[in-house]
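Numbered from 1 within each chain, the chains take letters A, B, ... in sequence-line order.
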Number of protein chains: 2
Amino acid sequence: MSGLVSYGMPVPDDHVDHLDETPLHVQLAAILRRAIKSGEYGPRDVLPSESQLMQEHGVARGTVRQAIETLRNEGLVVTIRGRGTFVRPK
Amino acid sequence: MSGLVSYGMPVPDDHVDHLDETPLHVQLAAILRRAIKSGEYGPRDVLPSESQLMQEHGVARGTVRQAIETLRNEGLVVTIRGRGTFVRPK
DNA sequence: GCGAATTTGTACGTATGTATC
DNA sequence: AGATACATACGTACAAATTCG
């Protein structure tokens, strides 16, 4: 499991005790941030492409880009057009 | 005049000597940045709403938001949901 | 060097949720 | 309660840069 969830999502039952209201792009950013800090993606490694992240996490491209932008603003990654997004070497 | 232009825009003549390739959101950010620095919008002043900026500059909401986000990243403004975007007092 | 495929960038539209006035 | 304003998330289309055969 461990998929992304948000309030705009279809829910199996409309009687929901608990619903994660955290925005999808924040959740995705957290996942990627953790993957980087845990070394799953090392320095200079390329992250999965936007298309791959879309499919793997079942979200729209805009959502993926928003998540990545967060990491960029945090100085964790750099993005190069036509190449991809890379883990910033310390 | 002084409207925004971009490469994706319809052009009166397809023989164009010079075309401003600067992205719309960058052009709009520049306009707002200048308006702030010139004092047109003073400290704690609220900027025009996203809807107003859309109409006044003839761009989509996403473009407006991207421009404003730039100013936010530059520390020039702060945005409050339901209120608006305000010029950050030094 | 050329062209196709891949990948990110820009720009648009729509719908809905949340907060404020 | 209604109107206004920002936030999230989906979609489409095309441009631009890079990579690969």
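- The nucleotide whose nearest atom lies closest to any side-chain atom of B/A60 is, among C/dC12, C/dG9, D/dC10, C/dC12.
- The residue B/G62 sits apart from the nucleic acid: no heavy atom pair falls under 4.0 Å.
- The listed nucleotides are D/dA9, D/dC6, C/dT10; the one nearest the side chain of A/R65 is C/dT10.
- In this model, a side-chain donor or acceptor of B/R61 finds a partner on the base of D/dA7 within 3.5 Å.
- Exactly one of A/V77, A/L76, A/L71, A/V87 qualifies for a side-chain contact (heavy atoms from CB on, under 4.5 Å) with A/L32. That residue is A/L71.
- Side-chain nitrogen and oxygen atoms of A/S51 include none within less than 4.0 Å of the OP1 or OP2 phosphate oxygen of C/dT6.
- Among C/dT8, D/dT8, C/dA11, the nucleotide with an atom closest to any side-chain atom of A/Q66 is D/dT8.
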Produce the list of close N/O pairs, under 3.5 Å, pairing protein atoms with atoms of nucleotides 18-21 of chain D; give distances to one decimal.
{"from": "D/dT19", "atom 1": "OP1", "to": "A/R83", "atom 2": "NE", "distance (Å)": "3.1"}

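- Among the protein residues, B/T85 comes within range of the sugar-phosphate backbone only, with heavy atoms under 4.0 Å from sugar or phosphate atoms but none that close to a base.
- For the pair A/L47/A/Y41, a side-chain contact is recorded, criterion being any heavy-atom separation below 4.5 Å from C-beta on.
- Across C/dT8, D/dA7, D/dC10, the shortest atom-to-atom separation from the side chain of B/T79 is found for D/dA7.
- Out of D/dA9, C/dA11, D/dC6, the shortest distance to the side chain of B/P23 is found at C/dA11.
- Under a 4.0 Å N-O distance rule, the pair B/E40/B/R34 does not qualify as a salt bridge.
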